[in-house]
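Values below: every heavy atom of this structure, side chains too, minus hydrogens, waters and symmetry copies.
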Amino acid sequence: QVQLVESGGGLVQAGGSLRLSCSVSGRTFRSYAMGWLRQVPGKEREFVAYDNWRGGIPVYTDSVKGRFTISRDNAMNSVYLKMNSLKPEDTAVYYCAAGKGPYGSTAILSYAYWGQGTQVTVSS
């Protein structure tokens, strides 16, 4: 059974930083793309970032480019999202997700497994 467990969310002031972590078990982690997505109540879940199975150049949604960094540690079966210069509009529940294959996508339906989510709240 594949399990994804996120951690690292919390409350931070605008301009601050947080680092989200996601630990993956039950799957050959290094063979699959990993992504981070987020959701605000009443809105659809949206793509934030993904990293392909071999790394390479990650992809980010425009609103977080230059502020967020996705990284992975295949030895630790973990993926991370470092968030700098946080803004109130970054407030959301953040989900770690494992792709269906080795290459990531911005499409929500391309992700096969999801974590439970971690709340990030940015105060102004």
Which atom names give the shortest non-hydrogen contact between [X] and [Y], and what distance separates them?
X      : Y      : result
Tyr50  : Thr106 : CE2-N, 4.0 Å
Gly104 : Ala33  : N-CB, 3.3 Å
Ser17  : Ser85  : OG-N, 4.3 Å
Gly9   : Val120 : CA-CG2, 4.2 Å

How about Arg30: does its CZ atom have over 12 heavy atoms from other parts shown lying under 6.0 Å from it?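 Result for CZ/Arg30: open.
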
Contact check, side chains of [X] and [Y], non-hydrogen atoms, under 4.5 Å:
X      : Y     : value
Val122 : Glu89 : no
Tyr103 : Trp53 : yes
Tyr60  : Thr69 : yes

Cys22 and side chain to side chain contact (heavy atoms under 4.5 Å, CB included): which single residue from Val79, Asn77, Val5 fits?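 The residue from Val79, Asn77, Val5 that satisfies side chain to side chain contact (heavy atoms under 4.5 Å, CB included) with Cys22 turns out to be Val79.
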
Do you know which of Leu18, Val64, Val12 makes side chain to side chain contact (heavy atoms under 4.5 Å, CB included) with Met83?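 Filter result, single survivor: Leu18.
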
Backbone N/O of [Y] and side chain of [X]: donor-acceptor pair under 3.5 Å:
X      : Y     : value
Tyr111 : Met34 : no
Ser78  : Ser23 : no
Arg72  : Asn52 : yes

Apply the test side-chain contact (heavy atoms from CB on, under 4.5 Å) to residues Leu20 and Glu6: give CA-CA distance (whole Å), side-chain angles for both, the deciding distance (0.1 Å), then the verdict. CA-CA 7 Å; Leu20 305 183; Glu6 300 105 334; over 6 Å; no

Considering only residues two or more places apart or on different chains, which pairs with a residue in residues 90-115 satisfy salt bridge (Lys or Arg N to Asp or Glu O under 4.0 Å)?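 Sorted pair list: Arg38-Asp90, Arg67-Asp90.
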
In chain order, what residues pass the side-chain contact (heavy atoms from CB on, under 4.5 Å) check against Ser7, with sequence neighbours excluded?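 Counting only residues at least two positions away or on another chain, Ser7 forms a side-chain contact (heavy atoms from CB on, under 4.5 Å) with Ser21.
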
Can you tell me how the ring of Tyr94 sits relative to the ring of Phe68, calling it parallel under 30°, perpendicular over 60° and tilted otherwise?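 It falls in the tilted class, 30° to 60°.
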
Do Trp114 and Cys96 pass the side-chain contact (heavy atoms from CB on, under 4.5 Å) test, and can you show the C-alpha distance, the side-chain angles, and the key distance before you say yes or no? CA-CA 6 Å; Trp114 296 81; Cys96 169; over 6 Å; no

